[in-house]
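What follows is a set of notes on a single structure, which appears directly below.
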Amino acid sequence: MDLPAHVVIVSGSTSGIGGAIARRLAGAGARVVVNSARSVEAGEALAAELGDATYVQGDIADPETARRLVATAEERWGRLDGLVNNAGVTIDVPQPDIESVTVEHWNKVLSVNVTGTFLVSQAALPLLRQAPDGWIVNISSIAGTRQTGSSLPYAVSKAAVDHLTSILAKHCGGEVRVTAVAPGLVDTPWTADWGDLKEGVKAIAPLHRVATPEDVADACMALISSRYVTGQSLLVDGGLSLVI
């Protein structure tokens, strides 16, 4: 797939899934706005690696960050063609431990995963509507459709992202395509110490392995190139959802 001169924002893109997506887009010719909430050195290094790219530090739960991401794309390149809402957080409370979930946990997770995803989308839509083929890809999770995931607030937030995807797609009409990729367990720095869970997935998933960040990037590129698809969330889970 070729994306010459296209400009794309990838939130939460300094490692793991976001890093793989940013590299794949740059490899296709896109100019990328890289983002992270804290990893400034990694973000600047990735932007330098990608060539015609730039880094914006900020938490997407902050409306100012959302505006700055879009303004940076417009000021540097005068356009915006795509947005990958990848930034997300969770909490260290196992999903069955309902009693330990606090209001602070809900606020932390929903503010980034749901509100932040909306804020960046909202800020980006005016420019995306001007693009010849504007699009948004949200990174959701199998946890949004199955009773699984790293925590209860995380799972609920990803169900909300799936619904946000379909609502935005409906109301953007023919101007901007909005889709989502919903990975199963992915081998990233976030899941580096989840050895037992990874072995369990390998044992029961039909494809007998966990996903790589590149698997998720593949799915994103497929949706970006599928110009008659909108409002859909694509499971990328090695068939895990068939057996849980």
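All residue numbers in this chain count up from 1 along the given sequence. We use all heavy atoms of the structure for the numbers below, so side chains are in, but hydrogens, waters and symmetry mates are not. In this text, all values refer to a predicted model and were calculated from it rather than measured experimentally.
- Partners of E175 under the salt bridge (Lys or Arg N to Asp or Glu O under 4.0 Å) rule, at least two apart in sequence or in another chain, are R129.
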Problem set entry | Residue pair V186, T212: steps toward the side-chain contact (heavy atoms from CB on, under 4.5 Å) verdict | CA-CA 5 Å; V186 185; T212 66; 5.7 Å; no
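- In this structure, CG in L83 is found 11.0 Å from CG in L127, a value given to the nearest 0.5 Å.
- Note on L242: it does not cluster hydrophobically with L234, by side-chain heavy-atom contacts below 4.5 Å among ILVMFWY residues.
- For the 3.5 Å distance criterion, the side chains of N107 and S111 fail to qualify, holding no donor opposite an acceptor.
- Interatomic distance, CD of Q130 versus CG of L80, reported as 9.5 Å (0.5 Å rounding).
- For CG of D193, the number of neighbouring non-hydrogen atoms (other residues, nucleotides, ligands) closer than 6.0 Å is greater than 12.
- Between D237 atom CG and D215 atom CG the span is 11.0 Å, to the nearest 0.5 Å.
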For this session: Please assess T165 against S233 for the test side-chain hydrogen bond (donor to acceptor under 3.5 Å, both in side chains), listing each intermediate value before the final yes or no.
Result: CA-CA 8 Å; T165 298; S233 184; over 6 Å; no
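- There is a path of hydrophobic side-chain contacts, each under 4.5 Å, that joins L3 to V32.
- Here CZ of R177 is found 14.5 Å from CG of L168. Values are rounded to the nearest 0.5 Å.
- Nearest heavy atoms, T179 versus T230: CG2-CA, 3.8 Å.
- Residues passing the side chain to side chain donor-acceptor pair (under 3.5 Å) test with N85, sequence neighbours excluded: S121, N138.
- Here the side chain of S226 pairs no donor or acceptor atom with the backbone of V229 at under 3.5 angstrom.
- The pair R38-D59 does not count as a salt bridge, with every side-chain nitrogen at least 4.0 angstrom from each carboxylate oxygen.
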For this session: Applying side-chain contact (heavy atoms from CB on, under 4.5 Å), run through I60 and V112 and close with a yes or a no.
Result: CA-CA 6 Å; I60 64 166; V112 175; 4.1 Å; yes
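- A donor-acceptor pair shorter than 3.5 Å cannot be found between the side chains of S13 and Y55.
- In the displayed structure, D196 atom CG is contacted under 6.0 Å by at most 12 heavy atoms of other residues, nucleotides or ligands.
- In this structure, V101 and P153 approach most closely via the heavy-atom pair CG1-CG, 3.8 Å.
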For this session: Run the numbers on N86 and S11 for side-chain hydrogen bond (donor to acceptor under 3.5 Å, both in side chains), then give the verdict.
Result: CA-CA 5 Å; N86 173 72; S11 69; 5.7 Å; no
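- Using a cut-off of 4.0 Å between Lys/Arg side-chain N and Asp/Glu carboxylate O, R79 and D81 are scored as salt-bridged.
- Contacts classified as salt bridge (Lys or Arg N to Asp or Glu O under 4.0 Å) and involving residues 46-57 (residues at least two apart or in different chains) are given here: R23-E49, R31-D52, D52-R76.
- Under 4.0 Å is where a charged nitrogen must lie from a carboxylate oxygen, and between R24 and D218 at least one such pair does.
- The one candidate from Q95, Q147, H105 that meets the side chain to side chain contact (heavy atoms under 4.5 Å, CB included) condition with L152 is Q95.
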